[in-house]
Amino acid sequence: MKILAFGDNLITPEMLRDGLKAFEKNGDTVEIRDWSHKTVEDLQNDNIKIEQNGASAVEINDSKLLDGIETFDLIITQFTPISKNIIDRAKKLKYIGVLRGGVENVDESYAKSKGIKVINTGGRNARAVAEFTVGMILSETRNIARTNSEMHKGIWFKDFPNKNKVPEIGGKTVGIIGFGHIGQLVAQFLKGFDADIIFYDPYVNEKEGFKKVDSIEELVKQSTIVTIHMRADSTTHHIIDQHIFDLMDENTYFINTARSALVDESALIKALKESKIAGAAIDTFEDEPLPKDSPFLSLQNVTLTSHLAGTTIDAFKNSPKLFADRFLNSINN
């Protein structure tokens, strides 16, 4: 099998060479090309365009990147867009491998119409996201980020939005919406804090040590901290809406390190403005980068981060090996 792998600023060609050695041991030929940008920010800006508007939003025009593409059986990419035009040129293509959980940078429906299988690397950054989620919970409930910001201005800061009701995680009920790999890791971590974990996921059966509930409504009514870890699709779009926020109370904290499309931002902003909930910590937004006139920026009871949850050197470094092992296992067994 002849393989073309695209590196970038975050999964570098060197990481690809190390991580894809299993293909060479299998007798396959691997060629690596580099779609790195001048800066990581430039790469992320292109990725935002692609995630919001599809694989054709950023077309590859560098002939060196596409030279001989008609000879490859498998293309491996992290952020490099694989559009209809590239698929049409790749006459021998049988597989497209994506080194992350989502496949937004691939024209998946067109690939499937051509009999090309699109394979993602689910769970490749699950630990990174789960650890970050715990950090966001602590940062918001214990005012870590906002205190740090004020301390750097020379202010000994104590005037928190929740100053009279700062909680501990121990003994509190944490509700996890979506109990796949990430959700279960978050649950395991928070068990170490002696939290009581309940979860909602229609596709996951009972899990020992954790209580499954039958609806999101039931979950939020019982939870002091609510965190969501679902995939974003047509069935989960704005699954957290005004109705769900109305069921929360003034002691509830809401965390989203998953996808912005899961949450009705206007309803969340309203809940925060009116102090209907205690606070929130948000890593993904409808508009990225976050506009300078975003209502989020005027709120004191929310921790904001710039889409960082899955971004660790370990997640990037391990992705090629994880994909190679899974791919070879699937076709050899």
Side-chain angles (χ1 to χ4, degrees), residues 3-25 28 30-52 55 58 60 62 65 74-82 95-106 108 118-136 180-186 189 229 231-232 256-260 283-285 288-289 305-330:
I3 302 167
L4 173 60
F6 289 110
D8 54 53
N9 303 67
L10 297 174
I11 296 185
T12 65
E14 291 75 19
M15 291 178 184
L16 287 174
R17 270 187 279 275
D18 288 339
L20 300 178
K21 285 179 180 177
F23 282 112
E24 295 177 348
K25 292 178 181 177
D28 301 312
V30 180
E31 184 171 337
I32 296 171
R33 298 177 186 174
D34 192 0
W35 195 60
S36 288
H37 291 49
K38 287 183 178 179
T39 66
V40 171
E41 184 178 13
D42 289 339
L43 172 66
Q44 290 173 334
N45 286 339
D46 268 353
N47 184 49
I48 289 169
K49 292 177 188 175
I50 292 163
E51 288 198 349
Q52 293 176 345
V58 177
I60 296 177
D62 187 343
L65 287 174
L74 163 63
I75 292 176
I76 299 173
T77 175
Q78 176 180 223
F79 293 127
T80 309
I82 309 300
Y95 306 98
I96 300 171
V98 186
L99 299 176
R100 54 183 182 155
V103 294
E104 293 88 350
N105 58 318
V106 176
E108 185 179 20
V118 180
I119 304 168
N120 68 348
T121 314
R124 66 110 182 197
N125 61 358
R127 178 167 290 275
V129 175
E131 290 181 359
F132 191 89
T133 300
V134 175
M136 289 286 265
H181 194 178
I182 295 172
Q184 291 182 40
L185 279 174
V186 172
F189 296 158
H229 302 284
R231 298 244 348 154
N256 183 15
T257 58
R259 294 289 184 178
S260 61
D283 186 51
T284 60
F285 305 90
E288 295 184 358
T305 53
S306 54
H307 207 145
L308 299 175
T311 307
T312 67
I313 186 64
D314 297 297
F316 292 128
K317 182 175 63 178
N318 294 332
S319 295
K321 184 179 185 304
L322 182 62
F323 172 80
D325 290 344
R326 288 182 181 176
F327 181 91
L328 291 171
N329 285 336
S330 69

- prompt: With no hydrogens and no angle check, is any side-chain donor or acceptor of Asn256 less than 3.5 Å from a backbone partner on Arg259?
  reply: yes

query: Parallel, tilted or perpendicular: which describes the rings of Tyr95 and Phe327, with under 30° parallel and over 60° perpendicular?
result: perpendicular

message: Main chain of Ser319, side chain of Arg124: is a donor-acceptor contact present, judged purely on distance under 3.5 Å?
response: no

field: Residue pair Asn45 / Pro289: nearest heavy atoms and the distance that separates them
entry: OD1-CG, 4.1 Å

Scan the side chains in residues 126-133 for donor-acceptor partners under 3.5 Å anywhere in the protein, sequence neighbours excluded, and list what turns up.
{"unit_1": "Thr133", "atom_1": "OG1", "unit_2": "Val129", "atom_2": "O", "d": "2.8"}
{"unit_1": "Thr133", "atom_1": "OG1", "unit_2": "Thr257", "atom_2": "OG1", "d": "2.8"}

message: What I'd like to find out is whether the side chain of Phe6 reaches to under 4.5 Å of the side chain of Ile82, using heavy atoms alone.
response: yes

- prompt: Which atoms form the tightest heavy-atom contact between Asp283 and Leu308, and what is the distance?
  reply: OD1-N, 2.7 Å

- line: Closest heavy-atom pair, Gly310 versus Ala315, reported as atoms and distance to 0.1 Å, is O-CB, 3.8 Å

message: Quick one: does any side-chain atom of Thr121 pair with a main-chain N or O of Val98 as donor and acceptor, under 3.5 Å?
response: yes

task: Please report the closest heavy-atom contact between Arg17 and Lys21, naming both atoms and the distance.
output: O-CG, 3.2 Å

task: Can you see which heavy atom on Ala5 is nearest to which on Leu16, and at what distance?
output: CB-CD1, 4.0 Å

Listed partners of Thr311 passing side-chain contact (heavy atoms from CB on, under 4.5 Å), at least two apart: Phe316

field: Arg326 (side chain) donor-acceptor with Gly122 (main chain) under 3.5 angstrom
entry: yes

- prompt: Is there side-chain contact between Ile11 and Asp8, with heavy atoms separated by less than 4.5 Å?
  reply: yes

task: Kindly determine whether Met15 and Gln78 satisfy side-chain contact (heavy atoms from CB on, under 4.5 Å), including the steps that lead there.
output: CA-CA 12 Å; Met15 291 178 184; Gln78 176 180 223; over 6 Å; no

task: Please round to the nearest 0.5 Å and tell me the distance separating atom CZ of Phe79 and atom CG of Asn105.
output: 8.0 Å

